[in-house]
Amino acid sequence: MKRRELLRGAGLAAVATSLAACGANPGGASGDGVSSQKFAWKMVTSWPTNFPGLGTGAAALAEMITQASAGRLTVKVYGAGELVPAFEVFDAVGRGTAEMGHSASYYWKGKAAAAPFFCAVPFGLNAQEMNGWLYNGGGLELWRELYAPFGLVPFPAGNTGVQMAGWFRKPIESLASLKGLKMRIPGLGGEVMARVGAVPVNLPGAEIFSSLQAGAIDAAEWVGPYNDLAFGLHRAAKFCYYPGWQEPGPTLECMVNKAALDSLPKDLQDIVALCCRAVNDAMLAEYTARNQQALDALVREHGVDLRQLPPDVLSALRKASEKVLEEVASADPMARRALDSMRAFRSQAKAWHAVSEESYYANRG
Ligand code: CA
């Protein structure tokens with residue numbers, strides 16, 4: 001694809017226009033003021049290479065940056081475990097082993113207690129609301145402040161939309177069904193599950209299927225139909241529950257090593273930022289288009305037993321969630337600021353969405 005077409009397709013008209021001006025003087029490193037210096041970056045990720053949605057999103061971001069910069073900034077993607085393990089992306093980019101990383105901030109709650117707020121917290125914001133909060137509600141400023149001491153600059157770079165509650169080997173009839181249940185569930189969702197009697201474990205995506213199939217865990221949440229079908233989770237557990245209370249609209253992240261970002265000419269820094277914004281939008285579009293197709297296949301072709309979590313279970317999870325969030329905030333000043341900011345935005349979004357999204361869905365027929 002031609003560079004200008006690609007940028008226009010990504011909604012990056014301003015960049016397309018400025019690059020078109022550059023193109024009037026092809027190869028001119030001096031006349032148009034554009035440096036011809038080339039940069040070759042590495043992107044480490046927490047996903048299997050080219051895994052649908054997440055891995056392909058990271059690959060698309062790398063390709064977009066490479067194309068948009070006309071090869072002045074090339075980005076090579078490494079899947080989880082190829083250069084560093086899935087859960088070492090944060091440290092690897094911080095120390096400069098790779099210049100960028102594609103991951104999810106809630107994996108780093110052990111390093112910064114406030115980190116999950118910028119990906120997903122239980123009963124938090126959906127995708128539309130996350131974008132509103134991050135871009136226009138002060139969220140991104142807080143996130144940048146949180147990552148600054150680690151030498152990292154975060155960008156929103158993808159969203160899956162509302163996830164699923166997960167896969168269970170036995171049905172969840174009531175709260176009692178959760179007692180002692182060993183479940184793969186990362187982030188604060190895991191903390192909440194512990195409060196209602198379950199035993200949370202964190203595993204990289206690639207290890208979920210084998211652990212669930214072997215019975216090492218009783219349940220697992222991963223993403224939603226599109227990704228879960230790709231991992232074959234329906235072959236390891238029969239019951240699929242919704243909704244994804246634990247991850248109502250997780251924002252994926254592109255973290256960039258600050259020194260590496262600062263070393264780029266201004267136009268390449270802009271391209272990195274704009275391509276992250278474009279992939280943030282593109283990934284959500286992909287999930288919106290693919291999830292129901294995959295869910296249809298799971299139910300109709302694979303006999304999956306699709307169920308909503310019982311109301312008393314959801315109610316208990318919601319109460320436990322607010323307690324966990326409050327405790328995290330009480331113990332950490334940045335988490336307090338993030339929670340207060342998120343809660344204020346959630347109230348505002350809830351009021352608006354009551355008269356907009358919710359009213360519309362209820363009456364669309
Ligand atoms: Ca998940």
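Atom set for the values below is all heavy atoms of this structure, side chains included, hydrogens, waters and symmetry mates excluded. Every number for a ligand or one of its atoms is a count from 1 in the order of the listing. Remember, predicted model here, so these are calculated numbers, not experimental data.
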Query raised in the report: What pairs with Phe168 under ring-ring contact (aromatic ring centres under 6.0 Å, His included), at least two apart in sequence or on another chain?
Result: Tyr241
Query raised in the report: Does Glu326 pair with Arg336 as a salt bridge, N-O distance under 4.0 Å?
Result: yes
Requested in this report: May I ask you to say whether Arg277 pairs ionically with Asp281, meaning some side-chain N is under 4.0 Å from a carboxylate O?
Outcome: no
Query raised in the report: Please walk me through it: do Tyr287 and Asn159 pass side-chain hydrogen bond (donor to acceptor under 3.5 Å, both in side chains)?
Result: CA-CA 8 Å; Tyr287 277 96; Asn159 201 303; over 6 Å; no
**Report entry** Inter- and intrachain pairs under salt bridge (Lys or Arg N to Asp or Glu O under 4.0 Å), touching residues 309-323, at least two apart
**Finding:** Glu322-Arg343, Glu322-Arg346
Result block: side-chain N/O donor-acceptor pairs under 3.5 angstrom for residues 175-182, not counting sequence neighbours:
unit_1	atom_1	unit_2	atom_2	d
Ser177	OG	Glu173	N	3.0
Ser177	OG	Ser174	N	3.3
Ser177	OG	Ser174	O	3.2
Lys179	NZ	Val196	O	3.4

Query raised in the report: Can you list the protein N, O or S atoms less than 3.0 Å from the Ca ion (ligand 1)?
Result: Gln163 OE1, Glu221 OE1, Glu221 OE2, Trp222 O, Glu247 OE2
